[in-house]
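Written below as C-alpha cells is the structure these notes are about.
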Amino acid sequence: MVYLVGAGPGDPGLMTRRAVELIARADVILYDRLIPPGALDGARPGADLRYVGKQPGGHAMEQDEINALLVELGREGGAVVRLKGGDPFVFGRGGEEAQALAEAGVPFEVVPAVTAGVAAPAYAGIPVTHRDDASAVAFVTGHEDPEKAESALDWDALARFPGTLVLYMGIKNLPAIAQQLVTHGRGPDEPVAVVERGTLPGQRAVEGTLADIAERVAEAGVRPPAITLVGPVARLRQRLAWIERRPLFGRSVVVTRARAQASGLARRLEELGARVIEAPAIRIQPRPAAEVDPHVAEIEGYALVALTSPNGATLLMDAIERTGRDARALAGATVAAIGPATATQLRRRGIAPDIVPDEAVAEALVEALRDVDVEGRRVLVARASEARSVLPEALTERGARVDVVAFYDTVAEPLVGDSLAAAAEADYVTFTSSSTVRFFMDGIDGNFPGGARVVSIGPITSATAREHGLEVHVEADPHDIGGVIDALLNDAAR
Ligand code: SAH
C-alpha cells in the first residue's frame with residue numbers, strides 16, 4: 001500500500017491523526033523539504049527515510065523518478081508513505097503520483113491535510129472567506145511567469161474573480177502578478193497580504209496593496225515558502241492577528257533540561273508564542289536495581305526520608321514497588337521533599353510529603369526540619385549521585401544516622417548539530433539545574449550564543465552559571481518551572 005500523506009503547513013500540531021499514525025507504521029517514507037520540523041520523529045527505528053525533495057540549486061529527484069520509485073516500492077509490499085508539505089493534492093503533484101500508482105495497479109490511500117493556502121492566512125489573522133468580504137476563494141499557482149504567452153492562467157478571469165485569490169509559489173513572480181491583476185482590472189488599492197513561513201515559529205506577514213506589495217515584499221526580504229492573498233479579507237488581519245500578539249512571539253528559547261522532562265516547559269513556552277529549541281544537555285540514568293534495592297529493603301527502618309528532586313522521588317517509588325512494597329512502606333517515616341515538582345511526583349505515587357520548604361534549596365529543608373527529632377535515628381536521603389552535601393551534613397551534625405543513596409546519575413547528553421545551530425541564534429537560554437549549566441557549557445565548547453539572555457531557575461543554578469562565566473539576566477522566583485516562565489515573560493515585556 002502506498003499512502004499519499006499531507007503533513008500540513010508546518011506547525012506539527014496541525015498534522016492529522018492519520019498522518020501521525022501512518023508515519024509511525026511506515027516501512028519507507030519518501031519526504032519533501034516542506035514537512036513540519038520533527039515530523040519524522042515518530043517513525044519506526046529502522047524505517048527507511050528518503051529525502052526526495054528539492055536541493056538548493058536543483059531537484060534531488062525528477063517527478064518521473066519519484067513516480068517510478070513509488071510504484072516499485074508499492075509492489076514490494078511494505079507500507080510506503082509519501083509525505084508532503086500541506087495537502088498532497090493541492091499543488092503537491094500528489095495527483096500525478098496517484099495517477100502513476102493507479103496505472104500500475106498499486107493500491108493507494110490519500111490522506112488530505114491542512115493546506116498552506118488556508119492555514120498560513122489563518123495564523124496571520126486572515127479568514128480566506130467572509131460573509132461580507134469574500135464569498136469565494138481561488139487557489140492559484142504563482143509559479144508561472146505571467147508574462148509568458150503560453151501561461152495556463154487566465155489573468156483576465158483571475159482579475160475579475162469575485163473573491164479571494166490565494167497564490168502559492170508566487171514570491172518570485174509577485175511584481176508581474178500584481179501588475180497583471182491591475183492591468184486586467186483589479187483595483188490597485190486592493191488589499192494584499194503575504195505570509196512567509198506561515199504556522200512556523202518564524203512566521204512573518206507583510207501587508208500592502210496591489211500597487212505597492214511587490215516593493216514592500218522586496219524591502220522586507222520575504223523568501224519562500226510564502227502565500228500571497230489578494231482581496232479585502234487581507235485587511236482583517238489588522239484586527240484578527242493573534243499569534244503575533246502572543247507575549248513570546250518571535251523569541252527563541254533554548255530548553256536544556258533532560259528530554260524526558262522538557263516537554264512541560266517546552267509546551268508552555270510554545271503556547272506563549274516562543275520558538276523552542278530543545279537542546280537537552282543532560283540525561284537521567286537510573287542506578288542499577290542491584291545497587292539501590294538493598295537500601296530500599298530496609299525502608300521501614302528510616303525515621304526520615306528526604307527527596308531532593310522529582311527524579312529521586314520517582315525512582316525511590318519505583319524501587320519500593322519493585323521490591324514488592326507499596327506506599328505503606330513509608331507509613332512510619334516523616335517524608336520531606338525539596339521543591340514543588342518533587343512533592344507532586346510523590347503525591348502521584350500516593351505519598352503526601354510532610355515537609356516541603358517554601359524555598360526549593362537544601363538550606364531551606366534543613367531549616368524546615370529543625371523541629372524534627374533525628375537524634376540517633378536513621379535518615380534516608382534519596383538523590384542524584386552528584387549533589388550538594390548541605391542536607392546530609394546538617395543532619396549528621398544533629399546526630400542522625402544518614403544514608404545517602406544515589407538513585408541516578410545525571411550524565412551528559414551529546415548536543416546534536418541541529419539544536420546547536422538553532423541555539424546559536426537564541427534569545428534566551430534556560431537552565432533548570434546546575435547540571436544543565438555544566439553539561440550545556442561543556443557541550444557547546446564555550447561558544448555560548450552571543451546575544452542570548454540567561455534564565456536560571458534559582459540561586460544555586462545561578463551560582464553555577466556565574467562560575468561558568470555567564471551573566472545571569474533572569475532568576476526565577478519561586479524556583480520552579482512556573483517561576484521560570486513568569487520570569488521570562490517579565491523579561492520579554494521589558
Ligand atoms: N501541497 C502544499 C503546497 C505545495 S506548493 C499545500 O497544500 O500547502 C509549495 C508552496 O506552498 C510554497 O511555495 C508556498 O507558497 C506554500 N507554502 C507551503 N508551506 C507554507 C508555509 N508554511 N507558509 C506559507 N506558504 C507555504
Side-chain angles (χ1 to χ4, degrees), residues 3-16 18-19 30-39 51-56 59-60 63 66 81-98 110-128 137-146 152-153 164-178 192-207 213-214 217 220-230 233-234 237 241-244 249-250 275:
Y3 301 90
L4 301 172
V5 180
D11 179 342
L14 296 179
M15 292 172 72
T16 64
R18 184 72 178 143
L30 305 184
Y31 64 97
D32 282 345
R33 188 168 44 104
L34 286 180
I35 61 170
Y51 178 69
V52 295
K54 261 186 215 157
Q55 300 288 10
H59 270 85
Q63 189 62 45
I66 297 177
V81 165
R82 171 72 177 111
L83 193 63
K84 295 163 164 295
D87 182 275
F89 277 8
V90 178
F91 302 125
R93 303 193 75 169
E96 293 162 58
E97 294 171 5
V110 182
V111 182
V114 179
T115 185
V118 174
Y123 269 50
I126 303 171
V128 291
V137 52
F139 294 139
V140 183
T141 170
H143 192 54
E144 284 194 37
D145 182 349
L153 292 173
T164 310
L165 301 178
V166 176
L167 291 136
Y168 291 69
M169 304 173 281
I171 287 309
K172 198 171 106 246
N173 292 327
L174 189 58
I177 289 169
V192 183
V194 173
V195 186
E196 178 187 40
R197 295 178 58 78
T199 81
L200 287 159
Q203 171 177 317
R204 195 158 66 124
V206 176
E207 291 162 66
I213 192 69
V217 158
V222 172
R223 302 194 341 186
I227 286 284
T228 302
L229 279 106
V230 180
V233 288
R237 165 179 157 69
W242 51 277
I243 203 165
E244 295 144 89
F249 181 79
R275 169 181 189 203

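Atoms within each ligand, like the ligands themselves, are counted from 1 in listed order.
For Leu200, no nitrogen or oxygen atom sits less than 3.5 Å from a nitrogen or oxygen atom of ligand 1, counting backbone and side chain alike. Annotation: Glu196 places no N or O atom under 3.5 Å from an N or O atom of ligand 1; distance criterion only. Considering backbone and side-chain atoms alike, Leu34 places every N or O at 3.5 Å or more from each N or O of ligand 1. At under 3.5 Å, not a single nitrogen or oxygen of Ala120, backbone or side chain, sits near a nitrogen or oxygen of ligand 1. Residue Gly117 has no N or O atom closer than 3.5 Å to an N or O atom of ligand 1. Considering backbone and side-chain N/O atoms, Val114 never comes within less than 3.5 Å of an N/O atom of ligand 1. Below 3.5 Å of separation, one finds no N or O of Gly86 facing any N or O of ligand 1.
No side-chain heavy atom of Val111 sits less than 4.5 Å from a side-chain heavy atom of Leu4. Side chains of Pro88 and Val5 form no contact here, defined as non-hydrogen atoms less than 4.5 Å apart. A heavy-atom distance below 4.5 Å is found between the side chains of Phe249 and Ile243. Between Leu167 and Ile227, the closest side-chain pair of non-hydrogen atoms is not below 4.5 Å.
The closest protein non-hydrogen atom to atom 11 (O) of ligand 1 is Tyr168 CD2, 3.5 Å. For atom 8 (O) of ligand 1, the closest heavy atom belonging to the protein is Ala116 N, 2.8 Å. When only non-hydrogen protein atoms are considered, atom 3 (C) of ligand 1 lies nearest to Val90 O, 3.5 Å. In terms of protein heavy-atom proximity, atom 9 (C) of ligand 1 is closest to Met169 CG, 3.8 Å. Annotation: atom 14 (C) of ligand 1 to nearest protein heavy atom, Ala226 O, 3.4 Å.
With respect to Val140, the side-chain contact (heavy atoms from CB on, under 4.5 Å) criterion is satisfied by exactly one of Val166, Thr228, Leu153: Leu153.
Counting heavy atoms closer than 4.0 Å to ligand 1, residue Pro225 contributes atoms from both its backbone and its side chain. Heavy atoms of Ala119 found under 4.0 angstrom from ligand 1: none, in either backbone or side chain. Only the backbone of Arg197 comes within contact range of ligand 1, with a heavy atom under 4.0 Å; no side-chain atom does.
Of all heavy-atom pairs between Gly86 and Ala113, the closest is O-CB, 3.2 Å.
Residue Pro224 places every heavy atom at 4.0 Å or more from ligand 1. Contact analysis puts Ile227 in contact with ligand 1, with a non-hydrogen atom separation below 4.0 angstrom.
With Arg275 contributing its side chain and Pro201 its backbone, the two residues share no donor-acceptor pair below 3.5 Å. Listed for the Arg204 side chain is a donor-acceptor partner under 3.5 Å among the backbone atoms of Ala220.
Ring centers of Phe91 and Phe139: at least 6.0 Å apart, outside the cut-off.
Short contacts between ligand 1 and Gly198, defined as distances under 4.0 Å to a heavy atom of the residue, involve ligand atoms 21 (C), 22 (N), 23 (N), 24 (C). Atoms of ligand 1 lying under 4.0 Å from any heavy atom of Gly85, numbered from 1 in the order shown and given with element: 1 (N), 2 (C), 6 (C). The atoms of ligand 1 that sit less than 4.0 Å from any heavy atom of Thr115 are 6 (C), 7 (O), 8 (O). Within ligand 1, the atoms closer than 4.0 Å to a non-hydrogen atom of Val195 are 24 (C), numbered from 1 in the order shown.
Listed by chain and residue number, Asp87, Thr115, Tyr168 satisfy the side chain to side chain contact (heavy atoms under 4.5 Å, CB included) test with Val90 (two or more places apart in sequence, or in another chain). Not counting sequence neighbours, Gln203 has no partner by the side-chain hydrogen bond (donor to acceptor under 3.5 Å, both in side chains) test.
The residues Arg223 and Glu196 are annotated as not salt-bridged, no charged nitrogen and carboxylate oxygen being separated by less than 4.0 angstrom.
Comparing Tyr123, Phe89, Phe91 by heavy-atom distance to atom 4 (C) of ligand 1, the nearest is Phe91.
Within 6.0 Å of the CZ atom in Arg237, the count of heavy atoms belonging to other residues, nucleotides or ligands exceeds 12.
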